[in-house]
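Nothing here was measured: the structure is a model prediction, and the numbers come from that model. As a basis for the values below, the full set of heavy atoms in this structure was taken, side chains included, without hydrogen atoms, waters or symmetry mates.
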Amino acid sequence: MALSRSGSNLLKPISPFFSCARAPSILSRSISSSNDSITVETSIPFTAHNCEPPSRSVTTSAAELRSFFRDMALMRRMEIAADSLYKAKLIRGFCHLYDGQEAVAVGMEAAITRKDCIITAYRDHCTFLSRGGNLVEVFAELMGRRAGMSNGKGGSMHFYRKEGGFYGGHGIVGAQVPLGCGLAFAQKYSKDENVTFAMYGDGAANQGQLFEALNIAALWDLPAILVCENNHYGMGTAEWRAAKSPAYYKRGDYVPGLKVDGMDAFAVKQACKFAKEHALKNGPIILEMDTYRYHGHSMSDPGSTYRTRDEISGVRQERDPIERIRKLLLSHEISTETELKDIEKEVRKEVDNAISKAKESEMPDPSELFTNVYVKGFGVEAYGADRKELRATLP
Ligand SMILES: Cc1ncc(C[n+]2csc(CCOP(=O)(O)OP(=O)(O)O)c2C)c(N)n1
Ligand SMILES: [Mg+2]
């Protein structure tokens with residue numbers, strides 16, 4: 001993954017299953033050069049449905065550990081900056097932040113190639129970055145400016161980067177899952193040996209369209225990997241209030257599944273590698289990523305009325321994905337505390353510079369109002385609220 005210029009690859013208790021605060025451990029290390037292989041153990045074992053789980057031992061390197069730290073720190077800083085810009089009214093409309101869930105984006109990217117596709121819902125800023133997008137495109141889009149990846153016309157929910165295999169950015173809950181299975185159909189049809197990761201939240205996991213798409217994907221052995229990012233809430237509704245069976249990795253019935261600690265980038269990487277191999281051979285599989293969002297659902301939700309502050313701070317203290325990597329880097333003497341603090345300072349500067357550049361970009365011209373919306377020449381006209389005054393026509 002290449003996220004940055006400097007060479008980085010870029011009120012019911014929740015999930016007691018993954019609440020251990022055990023320090024991460026490196027099982028073995030060859031000599032200390034940054035490309036030598038290191039074996040780390042995932043935080044906890046995988047739980048499998050209808051398949052043999054992969055091993056907890058994950059191969060990595062000092063370079064990958066450092067890049068995971070940097071990439072997640074950059075994502076975290078980007079989301080915190082978006083929060084401030086929103087509060088300053090420079091970002092308007094919907095805005096859903098991903099801080100807390102970074103290990104899913106980073107671990108997934110480490111296991112796949114840009115020929116594999118990812119499609120997700122509206123919490124999409126970090127996935128865009130992991131697929132090779134840049135910070136200026138992010139902030140310009142968020143502020144509705146031309147330099148955004150959707151020319152400032154899509155905003156927070158509609159990030160897209162086809163050249164990086166990223167197919168959005170979708171605001172209708174669950175709708176991206178059938179689209180993702182369609183992408184997997186195209187991959188199978190063209191025999192290109194790539195897979196699609198269709199991501200959805202726990203709030204989408206009981207929708208009918210998901211099961212319909214999964215049925216066809218299983219019937220036709222499509223290389224579709226359904227990834228449920230279970231952050232345990234759909235807006236203000238806790239999973240136990242919405243789901244009779246919140247064991248989402250088992251909900252595919254005849255489709256195998258894995259439950260993964262989504263706060264551990266290495267567990268995510270291992271699971272995605274396993275899922276890709278499985279999907280190319282056998283068809284669909286479900287990955288349930290046990291994760292957490294620190295922010296509320298969107299900027300209009302303070303996120304503290306339907307869950308306790310202790311719950312949020314408990315996750316931060318015990319399961320934070322960046323802190324997990326920091327501990328690994330320190331305990332195995334790959335980086336010093338000062339080096340890691342310096343990376344965080346660099347990342348902060350990078351984000352500030354991108355915001356300044358994004359602010360220099362103009363707003364889209366009013367003549368752009370209908371481009372990429374309606375087919376040209378179709379004769380669409382828009383009237384004011386009085387239905388009399390003609391406001392715009394297609395160019
Ligand atoms: C079809 C549809 N129904 C309802 C909504 C309103 N809505 C937006 S987000 C959301 C909650 C989804 O939660 P989840 O899938 O868990 O994703 P998360 O926000 O936790 O990432 C709802 C109900 C919508 N956008 N689309
Ligand atoms: Mg959710």
Side-chain angles (χ1 to χ4, degrees), residues 3-5 10 70-102 105 120-131 133-161 166 168-171 231 233 235-236 292-307 309 312-313 315-316 320-322 341-366 368-369:
L3 290 187
S4 63
R5 277 170 252 123
L10 214 192
R70 192 179 203 287
D71 292 347
M72 288 197 283
L74 188 71
M75 290 173 174
R76 179 75 53 92
R77 186 67 212 156
M78 174 180 82
E79 295 296 65
I80 304 298
D83 174 280
S84 307
L85 289 169
Y86 198 93
K87 286 173 179 150
K89 294 194 165 38
L90 288 163
I91 298 175
R92 313 298 287 252
F94 287 108
C95 184
H96 308 84
L97 303 178
Y98 198 70
D99 48 319
Q101 301 187 205
E102 299 92 343
T120 189
Y122 41 79
R123 211 175 288 288
D124 59 356
H125 309 166
C126 295
T127 313
F128 172 77
L129 216 56
S130 72
R131 299 259 80 188
N134 73 51
L135 287 169
V136 177
E137 292 174 296
V138 168
F139 287 114
E141 191 59 42
L142 289 176
M143 293 191 279
R145 291 159 196 267
R146 278 187 200 170
M149 90 294 291
S150 302
N151 302 330
K153 301 197 302 173
S156 166
M157 299 201 288
H158 303 114
F159 283 21
Y160 209 88
R161 192 168 194 275
F166 181 46
H170 295 265
N231 59 17
Y233 296 93
M235 300 183 88
Y292 200 76
R293 62 164 154 76
Y294 294 144
H295 263 89
H297 167 71
S298 65
M299 292 307 299
S300 56
D301 166 24
S304 52
T305 51
Y306 49 85
R307 52 186 189 172
R309 286 190 189 282
I312 306 166
S313 60
V315 176
R316 273 190 194 278
D320 186 83
I322 303 177
K341 286 254 164 344
D342 286 347
I343 292 175
E344 287 172 309
K345 271 189 220 153
E346 258 171 51
V347 154
R348 195 178 266 256
K349 225 187 246 168
E350 214 175 295
V351 166
D352 290 346
N353 291 342
I355 294 172
S356 307
K357 274 211 187 116
K359 282 181 179 166
E360 286 165 18
S361 171
E362 305 266 313
M363 296 287 175
D365 192 86
E368 289 280 316
L369 199 58

> Between Arg161 and Met149, is any pair of side-chain heavy atoms under 4.5 Å apart?
Replying inline: no

> Mind checking what makes ring pair (Phe, Tyr, Trp, His ring centres under 6.0 Å) contact with Phe139, not counting sequence neighbours?
Replying inline: none

> So, does Ser361 use its side chain to make a donor-acceptor pair with the main chain of Ala140 at under 3.5 Å?
Replying inline: no

> Under the 3.5 angstrom rule, does the side chain of Lys153 hit a backbone N or O of Glu368 as a donor-acceptor pair?
Replying inline: yes

>> Quick one, Arg70 and Val347 - any side-chain contact, counting heavy atoms below 4.5 Å?
In response: yes

> Checking side chain to side chain contact (heavy atoms under 4.5 Å, CB included) against Val351, which of Leu135, Val138, Ile80 comes through?
Replying inline: Leu135

> Is Gln101 reaching over with its side chain to a backbone N or O of Tyr98, donor-acceptor style, under 3.5 angstrom?
Replying inline: no

> With a 4.5 Å limit on heavy-atom distance, are the side chains of Val315 and Tyr294 in contact?
Replying inline: yes

>> Let's go through His295 and Arg123 carefully: what are the C-alpha distance in whole Å and the side-chain angles of both, what is the deciding distance for side-chain contact (heavy atoms from CB on, under 4.5 Å) to 0.1 Å, and is it a yes or a no?
In response: CA-CA 11 Å; His295 263 89; Arg123 211 175 288 288; 5.9 Å; no

> Is any side-chain heavy atom of Leu97 closer than 4.5 Å to a side-chain heavy atom of Met299?
Replying inline: yes

> Is the ring centre of Phe94 less than 6.0 Å from the ring centre of His297?
Replying inline: no

> Is the closest side-chain heavy-atom distance between Met235 and Asp301 below 4.5 Å?
Replying inline: no

> Who are the ring pair (Phe, Tyr, Trp, His ring centres under 6.0 Å) partners of Tyr86, not counting sequence neighbours?
Replying inline: none

> Is the backbone of Phe166 close enough, under 3.5 Å, to the side chain of Arg131 for a donor and an acceptor to pair up by distance?
Replying inline: no

>> Any heavy-atom pair between the side chains of Phe128 and Glu141 that's under 4.5 Å?
In response: no

>> Are the side chains of Leu85 and Leu142 in contact, using a 4.5 Å heavy-atom criterion?
In response: no

> Could you give all pairs that pass the salt bridge (charged side-chain N to carboxylate O under 4.0 Å, His left out) test and reach residues 72-88, with sequence neighbours left out?
Replying inline: Arg76-Glu102, Arg76-Asp320, Asp83-Lys87

> Taking everything shown except Arg146 itself, do over 12 heavy atoms lie less than 6.0 Å from its CZ?
Replying inline: yes

>> For the residue pair His96 / Ser156, report whether a side-chain donor-acceptor contact shorter than 3.5 Å exists.
In response: no

